Every structure is written in structure tokens, then in C-alpha cells.
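This is a predicted model, so every value here is computed, not measured. Residue numbers count from 1 along this sequence.
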Amino acid sequence: MFFEGSEKKVEVITAPKAGSLRALGRDFWSGIVTRANAEILDVLSNEHCDAYLLSESSLFVWHDRFLMLTCGTTTLADAFLHFLAHINDNDILYASFQRKNEYLSHLQKSSFADDLARIGQRLPGSAYRLGKLDSHHHYIFHLDRPYQCMDGDVTNELLMYHIKGDGADYLRSPDQTPEGVRSLLQLDKILPGFAISDWLFEPFGYSMNAIKGDRYATFHITPQEQSSYVSFETNLELDNSILVATLLGALQPGSWDLIGFNARDIFPDYGDYHCMTESTLDMSCGFAMNFRHFQHQDHRIVQPEMISRKVS
């Protein structure tokens, strides 16, 4: 069974005169989600943020910004354009659209180039690829408009591939429970004090949103053995955190990416992992993006996989 875990991402920051994005209400955001061919499963709220857990990843809405992640064959560009149709362009301070390369890109309803052609008709911007074309890489489009980031306005993304070991076996087992997955990921240890909303899919797959004040974190796990993908994202700084080391130990990925936006460098002991690729992009919109791809020394050994016994 194959499911495309690789995600698309949109983030928008608005000016005060645009009003509160939270005040647009659930019906509006449900319409945004529908345009991406997803649905809302659960909502977690506090005084700062509404965190929507989706059938394909997550949506976070603050008063002055929103962040949406979708996986599978969703059409996030449609959702982005639907939002843009309801806001004055001059009220947008920052906007970005990001895609990771997929395992099976031919199954997607559009490519990054397709999305870029449509979005670019509405917003003036620049697009880049970070990473090697023949390996894991990420595409990003951002609005070409000067923006002064606030202190602490950071994002860290940890993306893991080819997970293995006891943790991976548990995530593929019929006996897993939401409580068991939380324990495996040590959520109480790495996200202390966060309110959590999570969902266990059938036959497997796990999603989680967590919020604490204006801080957020989100997990999405596609554990299929041949195409496993785990994403973790947060606006917490991770330079003095045990989070990366804890998750690498629990899931033992064959390779992984670390992406930061205005984030401080993270240099924990990565053991047998080696940095294979590094890219840095100083964007004209006020954010600096850093991408690093790591690979375990044993991950270079790949067994042949039979596709067909007879081809005629």
C-alpha cells in the first residue's frame, strides 16, 4: 500500500488592517481545506491559535498568519489561491509556498512548476530549489516584498525517511494506539506543557497537532516500509533541545532533512549520520532558509526490489 507522505506547505503573514484571520471563522477555513481536497478531523484552540487536524496534515491559524501543510495528492495551490481571492494583496506582508520532491511525482495532480505558474500570476515572487535534483530537495516560492521579521519568528522542520527498528515496527502494527505512539515519540518529554490533538489512521498512519501559547508543533507519520516519511515542524528553537536526538533515536531513519527559517544552527551528536548536502538561501522577504540532508552510513546499501517476474 502506497501513500505519498511528502508535503506541500503554504504560509501567509498579514498586516493588522486585514483584521484577525481567526475571526474569519471555521466555515471559511473549512472552505480553504476543501479546496485542497482534504477535510477537518479535529480542532484544538487557545487564546493565540486554532490548530486544525486534517485528513491530510494540518492547518494553523493565528490572528495575523496561517500555516497549512498537506500531503497525499492534495491541491494546496488551489487552497492558497482561494485564500488570495479573499484578501487585498497589499495586506499580505509575507507569503511562501513550499514543496518537497515526491516519491511518485507522476501521481500528483500538479507539479511545482504548474503551481508556480498559477500563483505567480497573482503574486510577484521568486522561486528556488534547495538540495540536489537527483536526491532529496525542496522547492520554495516567496513573495518579493521586504518584511521585517519579529524576534523569535523561526521555523524548524525535521523530515525523516526509511524509518526502521522497533519504533517503525510498532507504527506498522495492528496493535498501536494513540497513547502508544505518544509514548514512542516521547511527546511529554520533548513538548512539555503542550495541549495535544492527535489521530491514528487505518490501517496505520499518525498525525498530531500541539500548541502552547503562540508556539506550535505538528507530527505526520506515513510508516509504509518502502516509502516511509515522518515530518515534524515547530516554531520552537531547537539548538539547546533534545528533540532531534530523541526522534532520531526512536525512529532510526536511513536519511533525514533539517530545514530552518531564521533558526539557530543545531549541532548535536549525529553519530553515524553524515551531512550529504547543505544549501542556504537569504530570501528578499526577511527570512534565511537553511537546508541540510543527512544519511546514515548503512543507508547506501540498497537491496534490489523485484517489480515483476515476467514482462512481455
Side-chain angles (χ1 to χ4, degrees), residues 4-7 9 69 71 98-103 128-140 154-172 181-187 189-191 206 208 217-281 288-305:
E4 186 67 69
S6 301
E7 287 162 319
K9 173 183 171 182
L69 294 159
C71 56
Q98 188 178 340
R99 279 184 72 158
K100 189 205 174 297
N101 67 293
E102 294 89 12
Y103 278 110
Y128 299 88
R129 185 190 74 243
L130 282 77
K132 296 179 179 178
L133 188 59
D134 61 348
S135 180
H136 290 280
H137 56 275
H138 295 258
Y139 297 100
I140 186 166
V154 304
T155 303
N156 281 291
E157 303 173 17
L158 173 63
L159 310 179
M160 293 174 275
Y161 321 104
H162 306 289
I163 59 175
K164 58 185 182 298
D166 292 342
D169 291 341
Y170 178 74
L171 292 168
R172 297 172 187 134
V181 178
R182 290 178 216 153
S183 177
L184 169 67
L185 300 175
Q186 301 184 58
L187 296 185
K189 181 179 178 182
I190 64 175
L191 297 172
Y206 176 79
M208 181 222 74
T218 184
F219 257 113
H220 301 286
I221 301 177
T222 301
Q224 281 85 332
E225 188 168 3
Q226 297 302 315
S227 57
S228 61
Y229 177 89
V230 178
S231 70
F232 173 81
E233 180 171 326
T234 185
N235 57 355
L236 295 170
E237 283 282 15
L238 300 182
D239 55 328
N240 293 314
S241 173
I242 61 170
L243 194 148
V244 174
T246 298
L247 295 179
L248 292 180
L251 300 176
Q252 301 178 45
S255 61
W256 50 282
D257 298 340
L258 192 61
I259 302 171
F261 291 83
N262 287 359
R264 294 193 289 264
D265 284 334
I266 306 170
F267 294 108
D269 181 6
Y270 293 137
D272 294 328
Y273 291 101
H274 303 283
C275 184
M276 309 298 291
T277 308
E278 182 170 4
S279 297
T280 300
L281 173 65
M289 181 180 179
N290 182 267
F291 162 76
R292 280 176 279 174
H293 176 66
F294 295 83
Q295 185 170 303
H296 193 277
Q297 62 180 9
D298 294 336
H299 190 61
R300 65 182 184 273
I301 302 172
V302 181
Q303 297 298 324
E305 180 183 355

- Query: Looking at CG of N290 and CG of L258, how far apart are the two atoms once the value is rounded to the nearest 0.5 Å?
  - Reply: 7.5 Å
- Message: For R182 and Y206: C-alpha separation, side-chain torsions, deciding distance, then whether side chain to side chain contact (heavy atoms under 4.5 Å, CB included) applies.
- Response: CA-CA 10 Å; R182 290 178 216 153; Y206 176 79; 3.7 Å; yes
- Task: Any chance you could measure F291, atom CZ, to T280, atom OG1, to the nearest 0.5 Å?
- Result: 11.0 Å
- Query: Between the main-chain N or O of A288 and the side-chain N or O of N262, is there a donor-acceptor pair closer than 3.5 Å?
  - Reply: yes
- Worked verdict on F261 versus I140 for side chain to side chain contact (heavy atoms under 4.5 Å, CB included): CA-CA 12 Å; F261 291 83; I140 186 166; 3.7 Å; yes
- Can you find a pair of side-chain heavy atoms, one from L130 and one from Q98, that are under 4.5 Å apart? no
- Message: Is any side-chain heavy atom of E157 closer than 4.5 Å to one of D257?
- Response: no
- Heavy-atom side-chain contact between K100 and I259 under 4.5 Å: no
- Item | side-chain contact (heavy atoms from CB on, under 4.5 Å) partners of A263, counting only residues at least two apart | N156, E237
- Message: Can you tell me how far apart NE2 (H138) and CE (M289) are? Round to the nearest 0.5 Å.
- Response: 7.0 Å
- Could you state the interatomic distance from CG (L171) to CG (L184), rounded to the nearest 0.5 Å? 5.5 Å
- Message: Could you go through S231 and E7, starting from their C-alpha distance and side-chain angles, then the distance that decides it, and tell me whether this counts as side-chain hydrogen bond (donor to acceptor under 3.5 Å, both in side chains)?
- Response: CA-CA 8 Å; S231 70; E7 287 162 319; 2.8 Å; yes
- Could you walk me through whether F219 and L247 pass the side chain to side chain contact (heavy atoms under 4.5 Å, CB included) test, one step at a time? CA-CA 11 Å; F219 257 113; L247 295 179; 3.4 Å; yes
- Task: Scan V244, L251, L243 and name whichever one has a side-chain contact (heavy atoms from CB on, under 4.5 Å) with F232.
- Result: L243
- Distance, nearest 0.5 Å, that separates CG of D265 from CZ of R292: 5.5 Å
- Note on the structure: For Q224 and T222 the tightest heavy-atom approach is OE1-CG2, 2.9 Å
- Query: So how far is it from H162 NE2 to E225 CD, rounded to the nearest 0.5 Å?
  - Reply: 11.0 Å
- Message: Could you check whether any side-chain N or O of H137 sits under 3.5 Å from a backbone N or O of K132, counting only pairs where one atom can act as donor and the other as acceptor?
- Response: yes
- Item | Main-chain N/O of G131 paired with T277 side-chain donor or acceptor, under 3.5 Å | no
- Do M208 and V181 touch side chain to side chain, with heavy atoms closer than 4.5 Å? no
- V154 and L238: CA distance, side-chain angles, deciding distance, side chain to side chain contact (heavy atoms under 4.5 Å, CB included) verdict: CA-CA 10 Å; V154 304; L238 300 182; over 6 Å; no
- Can you check whether F294 reaches L248 side chain to side chain, under 4.5 Å on heavy atoms? no
- Message: Please determine whether the number of non-hydrogen atoms from other residues, nucleotides or ligands lying under 6.0 Å from atom CG of D169 exceeds 12.
- Response: yes
- Taking only residues two or more places apart in sequence or in another chain, which ones pass ring pair (Phe, Tyr, Trp, His ring centres under 6.0 Å) with H136? Y161, H293
- Task: Determine yes or no for a side-chain-to-main-chain donor-acceptor pair under 3.5 angstrom, with R172 supplying the side chain and P223 the backbone.
- Result: yes
